[in-house]
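Contents: one structure, followed by commentary.
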Amino acid sequence: MTSVAYRAEPVGRAELLARLDRVLCTGGRALLTGPPGVGKTEVALSVAARAEARGETVLWLAALPADRGIPGTTAAALIASVAAAVPTAQGGDGGEGHVLEGLPGPQRAAVAMLCREAPMPEGGWDPVALRLALARILRTLAADGPALLVLDGVQCIDPASADLLRFALRLAPPELRAIAVDTPAAYGTGSEFKDGRPDPVTAKPLWEPSEADVLNVPPLQADEIAELLIHHRLPSRMAGRIHKASGGNPRLALAVGRSLADARTPVHHAEALSLSGRARDLARGLLGAVSPDVRATLLLAALALRPSASLIRRAGRPTAEADLAAAERASLIRLTEDGTVAFSAGVLPSTLVHDACWAERSSGHAALAEVVDDPVEAVRHRALATDIPDEGLAAEVSAAAETARRRGHSTLAAELALLAAESTPGLHGASQRIARLVDAAEEAARAARADLAMRAATDLLARDASPADRVRARLAVLDTAGQGLTGLDEIYVHAMEDSEGDTGLRAAVQLRLAVKHVLADGDPVRSRAAAVESAELAASVGDRATAAKALTVQARMDRVLGSPDAERVLAEARALERVERPLGIRNAAQILTIRHAMFDDRLTEARDQLGALLPLVERRGSVEDTIELLHTLAEVEARRGQCAAALAHAGRSLALTLEAGLSPGPAWYTLALAETAGGSFARAASYARRSAQASEEEGDHVFLSRSLYALGRVQLLSGDVATAQETLRRVQVSERAQATVDPSMLRWHEELAEALVAVDAPEEAGALLADVRPVAERLGRTTVLLACDRAHAVLLAASGCADEAAALLTEVAERYGTAGLPLERGRSLITLARVERRRRRRSAAASALQAAAIVFERAGAVPWLGLATETPTAPAEQTPAARGALSALTDAELRLARLVGQGASNQEAAAKLYLSVKTVEARLTRIYQKLDVRSRSQLATALNS
């Protein structure tokens with residue numbers, strides 16, 4: 001028997017595990033099937049661990065490929081495993097003798113022959129006796145209660161053992177449930193090739209499975225791959241790309257992730273993905289499931305832009321349909337009804353191309369060039385079919401790149417632009433090649449293809465290029481780095497050196513530095529200075545586009561730093577944008593104007609502008625622009641209490657982010673906010689943690705603060721106040737390190753103040769509110785002041801001023817309703833209900849909770865409804881005198897009192913509440929005074945009386 005002990009539930013398998021439990025409960029048999037590496041064994045292990053935790057006997061039997069050629073191997077292993085398992089379950093002395101006791105003589109003799117403990121006669125063992133013996137042995141597993149038999153790798157079980165197991169399972173009692181884990185022969189296990197074609201060795205199933213018995217284990221979704229990477233401490237920021245490369249296969253995804261981690265691939269190189277080592281080996285293993293002829297057909301599909309069965313057949317593979325059908329059976333590709341080919345994992349076509357020799361790739365491209373019906377694709381294939389530079393061909397490829405750009409195919413345009421440069425003769429056309437390399441780098445930047453931009457820049461920087469060309473190439477690389485700007489200092493330094501004397505280029509470099517200083521350095525002061533210089537330089541040479549972008553960054557930093565000039569500078573940037581009509585809206589004045597409206601809680605105005613802009617961007621803009629708008633729209637709708645809309649927009653932004661292979665940190669942050677509003681506090685915390693990890697990987701200070709704020713807020717709402725305080729303190733330290741002044745952009749002050757009150761630090765909470773209130777008043781941040789009032793009311797209640805707290809909370813709730821912030825209104829009503837309970841005004845508390853519940857129900861704020869239906873703090877059986885005494889305790893004191901009353905030592909209570917022992921001792925002294933008790937036993941009596 002193999003002990004499975006406790007195992008964490010496999011990522012993304014909750015629904016499958018629930019279905020598997022239902023199948024086992026109703027039929028007692030389940031067959032898990034799917035391709036290698038999809039996680040079948042992990043699912044079975046999880047079910048086995050649950051069964052073992054319930055006290056059931058669990059028998060785990062794993063067959064290996066070598067077992068298939070040795071008759072009776074698995075059956076003998078099963079008998080030995082039962083011998084080890086049954087004494088544990090039944091209290092016996094152990095050993096095979098115990099298992100064989102009670103077997104009739106012929107059955108015992110047959111088992112001895114099977115286990116090689118007795119000589120085998122010429123005729124072999126008695127098959128009937130052996131069948132009956134195995135059936136009797138299996139029944140002993142469930143003799144004292146339910147038992148679970150897991151047969152892993154059933155495709156490797158030798159035919160003789162399979163025949164014995166089939167009979168024994170048919171006679172097994174209902175208490176014996178069985179899971180078979182199978183990798184079908186279509187995936188390559190148990191197959192060999194005859195005459196160049198696969199010849200799978202098929203075996204009869206161990207039982208005749210019904211449709212309900214068979215559970216196919218599907219690939220993981222992109223978001224589930226991200227969670228898997230986090231569990232294994234791998235780079236989650238590239239979850240979208242890893243999902244594409246792996247096709248959702250967990251084993252392949254982990255191999256790709258480990259390849260990246262081992263190679264320490266920088267963020268700006270990550271598009272290419274380092275697929276060496278284990279990842280390539282796994283891909284080769286999957287491709288090994290099909291014959292060489294099928295692989296040759298798949299190579300053509302990997303070389304084509306839009307592969308289809310018809311195209312591949314016309315390119316010289318007359319058996320294309322049959323070959324592709326075999327590949328589909330092996331789960332290597334998916335075929336649509338029109339014959340279009342899609343690989344199940346991106347690592348498969350890249351491995352096919354990687355492992356093919358130059359002659360195979362060249363002949364494949366040449367064949368495809370003759371049969372494709374698109375001139376752009378034909379030129380691409382002709383260029384890839386030769387390794388001899390040719391100016392005429394390079395000019396054709398360059399024209400094809402322009403055509404692809406006009407069609408809106410940015411990635412293809414970037415690939416063709418680089419191919420045109422690489423096809424240009426270097427000796428006599430050096431200047432032409434350099435010009436095309438610059439174009440290729442900038443085209444890659446527009447397509448957000450970091451790998452292509454780096455290839456173009458590396459080639460250019462190795463040549464005798466002008467300083468201006470070197471700067472343009474380096475700027476293109478910087479523009480593809482996304483959120484991850486750490487580790488690129490050398491590029492900035494060289495760009496500054498090469499831009500010396502060129503005002504326009506210096507303005508462009510300063511603009512990139514302004515972005516770096518805020519994201520990677522967390523320094524808005526330096527960011528603003530660089531933006532101001534960029535705007536001035538750009539204006540001096542009439543570059544309005546760069547000036548508009550620089551002024552936008554300046555306005556953003558002015559807002560962060562609490563400058564009253566922020567709106568004036570933003571208006572200047574908007575005026576320049578109207579003249580220039582920028583291609584994108586990310587980091588543009590237009591979107592910053594909308595975000596300012598959101599910060600000021602002019603939410604209807606922000607929503608209307610976003611609603612008008614989104615359809616236009618979806619039709620004509622880049623995917624990054626669409627994601628930016630969806631992020632902002634989700635934040636606005638969450639704040640407005642339109643919870644379903646917030647979740648929908650946040651979900652779309654995450655899907656697009658992962659599909660595009662961008663860093664998921666910002667999308668996870670947005671989804672954390674949406675889940676906090678209308679989904680689940682637990683999911684919100686999970687997304688916030690993922691966002692924090694991805695932001696730390698990227699070195700992104702801005703989104704690290706945001707994600708920690710989202711996490712601390714949901715921890716506070718969930719009642720985990722000690723942890724919330726720690727998380728929000730990290731936000732406080734980060735925001736102060738970034739010199740952030742304006743309290744409306746990330747509203748952590750109110751959350752931290754409430755957390756401090758809850759952990760019995762009222763003086764610090766009061767000081768924090770006293771610091772932030774004058775700033776909010778100076779900047780006119782009305783709703784920030786409202787939040788300060790709510791936090792101040794919590795402080796008043798903790799200080800014993802319950803009447804003043806209740807009056808203030810009533811006013812705050814009304815003003816939040818007037819401001820169009822329903823969730824904040826409901827939250828204030830919940831706080832009011834808690835204060836009213838402390839005043840022993842049960843009816844008023846119930847009314848406040850009912851009003852909050854109505855607000856949350858209208859908004860679809862599911863997790864908040866749970867808060868609005870919470871039960872009173874004091875147990876119902878307490879006497880009125882006891883309830884009156886306990887009402888004098890603060891929430892923090894009451895939590896400590898209950899822990900100590902339940903027997904916790906001061907050290908244990910300090911650890912659970914994240915306090916020092918001295919703080920616990922001081923707080924206990926106050927509790928004893930308020931309750932008029934002198935010992936822990938008296939405290940326990942007071943709590944339970």
Side-chain angles (χ1 to χ4, degrees), residues 235 237-238 241 260 263-274 401 405 410-411 413-422 433-500 502 504-521 530 534 545-546 549-550 553 583-584 586-587 622-624 660-663 697-700:
R237 67 183 184 274
M238 288 179 283
R241 293 168 188 167
L260 295 173
R264 302 195 190 318
T265 304
V267 175
H268 50 286
H269 289 176
E271 182 71 42
L273 289 181
S274 173
R405 185 185 305 115
S410 58
T411 296
E415 292 174 354
L416 289 170
L418 181 56
L419 185 56
E422 293 173 341
R433 185 178 180 111
I434 287 173
R436 284 177 176 153
L437 284 170
V438 173
D439 289 342
E442 293 179 340
E443 196 67 57
R446 284 189 284 271
R449 284 295 301 271
D451 58 325
L452 300 181
M454 182 57 72
R455 274 176 56 189
T458 301
D459 191 347
L460 182 142
L461 294 171
R463 300 176 184 276
D464 188 19
S466 68
D469 288 335
R470 292 200 298 270
V471 171
R472 290 173 63 190
R474 288 186 170 111
L475 292 181
V477 172
L478 294 174
D479 288 345
T480 60
Q483 304 297 118
L485 297 174
T486 55
L488 300 176
D489 289 346
E490 186 178 348
I491 296 180
Y492 289 103
V493 170
H494 288 312
M496 286 292 287
E497 290 175 351
D498 287 336
S499 66
E500 187 72 38
D502 189 321
L505 284 176
R506 177 56 64 95
V509 175
Q510 286 291 345
L511 175 60
R512 272 68 173 192
L513 278 170
V515 175
K516 172 189 179 293
H517 288 324
V518 65
L519 287 180
D521 303 333
S534 175
T546 300
K549 293 176 183 178
V553 177
L583 294 175
R586 271 193 321 142
N587 301 318
S622 68
V623 66
E624 291 94 333
L662 303 173
S663 170
E697 290 172 2
E698 300 278 12
D700 182 344

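Because only heavy atoms are used, hydrogens play no part in the values below, and waters and symmetry mates are left out as well, while side chains stay in.
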Give the intermediate values and the outcome of side chain to side chain contact (heavy atoms under 4.5 Å, CB included) for residues R470 and L460.
-> CA-CA 7 Å; R470 292 200 298 270; L460 182 142; 4.0 Å; yes
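- Taking every heavy atom of both residues into account, A444 and T480 meet most closely at O-CG2, 3.9 Å.
- Residues H517 and A530 share a closest heavy-atom pair of CD2-CB, 4.2 Å.
- Once rounded to the nearest 0.5 Å, the distance linking CG of L513 with CG of L478 reads 8.5 Å.
- The two atoms that bring A550 and S534 nearest to each other are CB-OG, 3.5 Å, heavy atoms only.
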Report the C-alpha distance between V477 and I491 in whole Å, list the side-chain angles of each, state the deciding distance to 0.1 Å, and finish with yes or no for side chain to side chain contact (heavy atoms under 4.5 Å, CB included).
-> CA-CA 9 Å; V477 172; I491 296 180; 3.8 Å; yes
Step-by-step salt bridge (Lys or Arg N to Asp or Glu O under 4.0 Å) determination, R463 to D459 = CA-CA 7 Å; R463 300 176 184 276; D459 191 347; 2.6 Å; yes
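- The shortest non-hydrogen separation linking A417 to A401 is N-CB, 3.8 Å.
- Rounded to the nearest 0.5 Å, atoms CG (D469) and CG (D498) are 10.0 Å apart.
- The nearest pair of heavy atoms linking A468 to D502 is CB-OD2, 4.5 Å.
- In this structure, the separation between NZ on K516 and CG on D521 is 3.5 Å, given to the nearest 0.5 Å.
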Begin with the C-alpha distance, continue with both residues' side-chain angles, and end with the deciding distance and a verdict on side chain to side chain contact (heavy atoms under 4.5 Å, CB included) for R474 and L461.
-> CA-CA 9 Å; R474 288 186 170 111; L461 294 171; 3.6 Å; yes
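- Each of R472, R506, Q510 was checked for a side chain to side chain contact (heavy atoms under 4.5 Å, CB included) with S499, and the lone residue meeting it is R506.
- Between S410 and A447, the closest heavy-atom pair is O-CB, 3.5 Å.
- R512 places a side-chain N or O within donor-acceptor distance of the main-chain N or O of A508, the cut-off being under 3.5 Å.
- Between the OG1 atom of T411 and the CZ atom of R446 there is a distance of 12.5 Å, given to the nearest 0.5 Å.
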